[in-house]
Student: 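This structure is in structure tokens; I'll ask about it shortly.
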Amino acid sequence: MWIPTHQMICEPQRIIAFFLESFCSFLRLSYRGKSWCDCSELHTLSHFVVYEFFYQISCKSRFTIELKTGLIPFLMRSSAITPEMDGAQVTVAGWVHEIRDLGGLIFIVLRDREGFVQITLPKKVVDKDVFKRAKKILRESVIKVEGIVKKEEKAPNGFEIIPKSLDILNESQAPLPLEVTEKVPADLDTRLDNRFMDLRRPKISSIFKIKSQVTKSIRDFLHNQGFIEVQTPKIVATATEGGTELFPISYFEKEAFLNQSPQLYKQILMSAGFEKVYEIGPIFRAEEHNTTRHLNEATSVDIEMSFTDHEGVMQILENLIARVYEDVVTKCEKELEILEIKLEIPDTPFQRITYTEAIELLGNQIPWGEDLDLQALKSLATKIEGIYFITDWPTKIKPFYVMAHEDERISKSFDLMHNYIELASGAQREHRYERLAENIKAKGLSVESFDFYLKAFRYGIPPHAGWGLGLERLIMAMLGLSNIREAMLFPRDRTRVSP
RNA sequence: GCCCGGGUGGUGUAGUCCGGCCCAACAUGUGGGCCUGUCGAGCCCACGCCCCGGGUUCAAAUCCCGGCCCGGGCGCCA
């Protein structure tokens, strides 16, 4: 039997590590295939076992072993507790979601990051002070409860916790700025003004847990494909690409702006020989748009890849999207269930339609060479379902860095569409210096102000292609959100800069 | 930026068309009371609201003007 030495007690992290390791392997062996415990729960469960172990040692020996591993040692999450733990002592902490006071019996629904757990206080069973404190508690206060798990069929999830102690870690004020329980709806504006509380609602936090999985999947996928993650500047000197308006900022004695996209920098990195780069970062657009699908600060997923063309990066994009959907379906089951979403993994390759075909499909109402407006895209979405590419756009409506086909009116470009919403846009890039400089002039932009960029094209740059994907657009499309603001923790729009 | 709709307790709505029956209703909430199996607990009592400014009128939440704010649609948008 292993007995902790004094030195080891002084190093609680090492003891924990030791126990986690040994008990995780113990549990893996012992409970393989058992229905009540899957591997994702092992980590939390091992905490529980360690707690029990120390509890037993404390009871049976003359030593009091104090394990201080932060504020609340062996804190358990609601999702890790099961009816099979009947009789075990656990510590839970979280927010008071609801209180149902039946007089001699009080139910507290405690909410933590993982879900809900019912704390039951029968007057005759629990400590008098604990009962009194529970009577006075205000909703959304943060509490810590130590108690015994009790298997109980009448309780939600088949168990409840009978508290030995109940501490109010932080009391909430009343009334609340909005209802976390969703009994009464709140306007988006009210919700965003009180986003900290809005985000306590499982439906809302699920969006961001899924968003986290999406970014993780993107990183995993791109790393596996040999991409390296980069960070490019968000403060830039010149109004780079034209088109969109930029936010001017005060930069000492110089003029500067917030960057609209990492486009020029990721291309420079192709000249640097990085070959495959990606960046997930903020982009800023100073457009006074006021719609449910635009933000003034958004997150862009950008890739740039050498020795390939537009087709090459389109394949990366469709495989990436399919992989992201697959990961969300398999790893965010709980969140999808909370959001009541049945997600279908799109088949690859995605449907491809050229700009010219799209115009024809729309009955040639739009003159060739003009951009597809919202009405046209909405009409197109009634004819093509789900996710699809529109390729080979007219060169003149695409930015200067897009490469043209042999027929120079058409560019090697594509947009990735979900119904009528543009998710991503990409192209093979013009890597030939003379042509690129010509394009810049043709767009009425100054070649001099692009010298920091053009320089990289004079000393050997491979042919390359890339795309930019709007992360919030993707989340919005995937989860069927009606407003892109729902996909941003603290959205920035035409009027909102706070919180 | 344009067009349309809106602003009523902490939150979400009704009332505005057709001024007076509205010192404003309902739900949720909060405070108090009853209640030992709730799970949107129930029952009883109480508390709390007409965006701001100006105008019309005997009388304005309601009509008119201006402002501010919000929502939807469009435009703009590598």
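Just so we're on the same page: letters track the sequence lines, and every chain starts at 1.
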Student: Provide, to the nearest angstrom, the distance between the CG atom belonging to A:Leu121 and the C1' atom belonging to B:C35.
Tutor: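 The distance from CG of A:Leu121 to C1' of B:C35 comes to 16 Å, rounded to the nearest Å.
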Student: Determine the contact category for A:Lys378: base if any of its heavy atoms lies under 4.0 Å from a base atom, sugar-phosphate if only primed atoms, P, OP1 or OP2 are that close, otherwise nothing.
Tutor: sugar-phosphate
Student: Any idea which of B:C77, B:G71, B:G72 is nearest the A:His294 side chain?
Tutor: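 Minimum distance to the A:His294 side chain belongs to B:C77.
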Student: Can you check whether A:Leu436's main-chain N or O pairs, donor with acceptor, with A:Lys441's side chain at less than 3.5 Å?
Tutor: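 Looks like no, no N/O pair under 3.5 Å.
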Student: For B:C76, give the paired nucleotide (Watson-Crick: N1-N3 plus N6-O4 or O6-N4; G-U: N1-O2 and O6-N3; both under 3.5 Å), or none.
Tutor: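 Here B:C76 is not engaged in any pair, so there is no nucleotide opposite it.
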Student: Can you pull the side-chain hydrogen bond (donor to acceptor under 3.5 Å, both in side chains) pairs that have at least one residue in residues 116-139 of chain A, sequence neighbours excluded?
Tutor: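 Residue pairs with at least one partner in residues 116-139 of chain A: A:Asp101-A:Lys135, A:Gln118-A:Thr120, A:Gln118-A:Glu160, A:Thr120-A:Glu160, A:Arg139-A:Glu179.
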Student: Pick the C1' atom in B:C35 and in B:C45, then give their distance to the nearest Å.
Tutor: 16 Å
Student: Using modelled atom types only, decide if a donor and an acceptor are shared between the side chain of A:Trp467 and the backbone of A:Asp302 within a distance under 3.5 Å.
Tutor: no
Student: Which residues in residues 486-499 of chain A have at least one heavy atom lying under 4.0 Å from any atom of RNA chain B?
Tutor: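 Heavy-atom cutoff 4.0 Å gives A:Arg494, A:Thr495.
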Student: Summarise how protein sits on nucleotides 9-14 of chain B as a single string, 5' to 3': B when a protein heavy atom is under 4.0 Å from the base, S for sugar-phosphate-only contact, - for no contact.
Tutor: -BBSS-
Student: Base, sugar-phosphate, or nothing: which does A:Glu182 touch, judged by heavy atoms less than 4.0 Å apart?
Tutor: nothing
Student: Rounding to the closest angstrom, what is the interatomic distance between B:C51 and B:A60 at atom C1'?
Tutor: 16 Å
Student: Which whole number of Å gives the distance between the C1' atom of B:C22 and that of B:U11?
Tutor: 22 Å
Student: Measuring from the side chain of A:Lys183 (C-beta onward, heavy atoms only), which nucleotide among B:U36, B:G40, B:C35 has the closest atom?
Tutor: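 Nearest to the side-chain atoms of A:Lys183, counting from C-beta on, is B:G40.
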Student: Between the base of B:G75 and the side chain of A:Glu287, is there a donor-acceptor distance below 3.5 Å?
Tutor: no
Student: Could you check whether A:Lys398 gets within reach of a base, just the sugar-phosphate, or nothing at all, counting any heavy atom under 4.0 Å?
Tutor: nothing
Student: Nearest of B:G75, B:A78, B:U36 to any side-chain atom of A:Tyr401?
Tutor: B:A78
Student: Taking the side chain of A:Thr291 as its heavy atoms from C-beta onward, which of B:C70, B:G75, B:A78 lies nearest to it?
Tutor: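 Between B:C70, B:G75, B:A78, the one nearest the side chain of A:Thr291 would be B:G75.
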Student: Between B:C18 and B:G32, how far is it from one C1' atom to the other, in whole Å?
Tutor: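 Each nucleotide's C1' atom is 43 Å from the other's.
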Student: Roughly, in whole Å, what's the span from CD1 in A:Ile397 to P in B:C77?
Tutor: 11 Å
Student: Quick one: does A:Tyr401's side chain have a donor or acceptor within less than 3.5 Å of a partner on A:Ala427's backbone?
Tutor: no
Student: Sticking with atom C1', work out how far B:C2 lies from B:C63, rounded to a whole angstrom.
Tutor: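 Nearest-Å result for B:C2 against B:C63 at atom C1': 27 Å.
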Student: Which is true for A:Glu98 with a 4.0 Å heavy-atom rule: it touches a base, it touches only sugar-phosphate, or it touches nothing?
Tutor: sugar-phosphate
Student: Heavy atoms only, 4.0 Å cut-off, all strands: where does A:Leu138 land among base, sugar-phosphate and nothing?
Tutor: sugar-phosphate
Student: A:Asn290 has a side chain; which of B:C35, B:G37, B:C74 sits nearest to it?
Tutor: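 Selected nucleotide: B:C74.
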Student: Where the side chain of A:Ser261 is concerned, which of B:C39, B:C35, B:A78 is the nearest nucleotide?
Tutor: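 From the listed options, B:A78 comes nearest.
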Student: With the threshold set at under 4.0 Å for non-hydrogen atoms, list the residues of residues 193-207 of chain A touching RNA chain B in residue-number order.
Tutor: none
Student: Among the candidates B:A78, B:G72, B:G32, find the nucleotide nearest to the side-chain atoms of A:Ser425.
Tutor: B:A78
Student: When both hydrogen-bonding distances must be under 3.5 Å and the geometry is Watson-Crick or G-U wobble, what is B:A61 paired with, if anything?
Tutor: none
Student: When only distance counts, do a donor and an acceptor, one from the side chain of A:His289 and one from the base of B:C76, lie under 3.5 Å apart?
Tutor: no
Student: Can you tell me, in whole Å, how much space there is between the C1' of B:A27 and that of B:G40?
Tutor: 11 Å
Student: Contact class for A:Lys443 vs. all strands (heavy atom < 4.0 Å): base, sugar-phosphate, or nothing?
Tutor: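 A:Lys443: no heavy atom of the nucleic acid under 4.0 Å.
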Student: What distance, rounded to whole Å, do you find between the two C1' atoms, one in B:U13 and one in B:C49?
Tutor: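 It comes out at 12 Å once rounded to the nearest Å.
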Student: Below 4.0 angstrom, which residues in residues 273-286 of chain A have at least one non-hydrogen atom near RNA chain B?
Tutor: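 Result for residues 273-286 of chain A: A:Arg285, sorted by number.
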Student: Taking the cut-offs as 6.0 angstrom to the six-membered ring centre and 45 degrees off its axis, would you call A:Lys378 and A:Tyr420 a cation-pi pair?
Tutor: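 Judged by the rule, A:Lys378 and A:Tyr420 form a cation-pi pair.
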Student: Students often get this wrong, so: under 4.0 angstrom with heavy atoms, is A:Gln267 touching a base, only sugar-phosphate, or nothing?
Tutor: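 It contacts nothing in the nucleic acid.
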Student: Using atom NE2 of A:His310 as one end and atom P of B:A78 as the other, report the distance to the nearest whole Å.
Tutor: 21 Å
Student: Could you tell me the separation between the NZ atom of A:Lys150 and the P atom of B:U38, rounded to a whole number of Å?
Tutor: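 From A:Lys150 NZ to B:U38 P: 14 Å.
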Student: Rounded to whole Å, please give me the gap between NZ in A:Lys124 and C1' in B:G37.
Tutor: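 These atoms are roughly 14 Å apart.
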Student: Given the C1' atoms of B:U62 and B:G55, what is the spacing between them in whole Å?
Tutor: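 Between the two C1' atoms, the distance is 15 Å.
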Student: Could you list the residues that satisfy ring pair (Phe, Tyr, Trp, His ring centres under 6.0 Å) with A:His464, not counting sequence neighbours?
Tutor: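 Scan of A:His464 (ring pair (Phe, Tyr, Trp, His ring centres under 6.0 Å), adjacent residues dropped) gives none.
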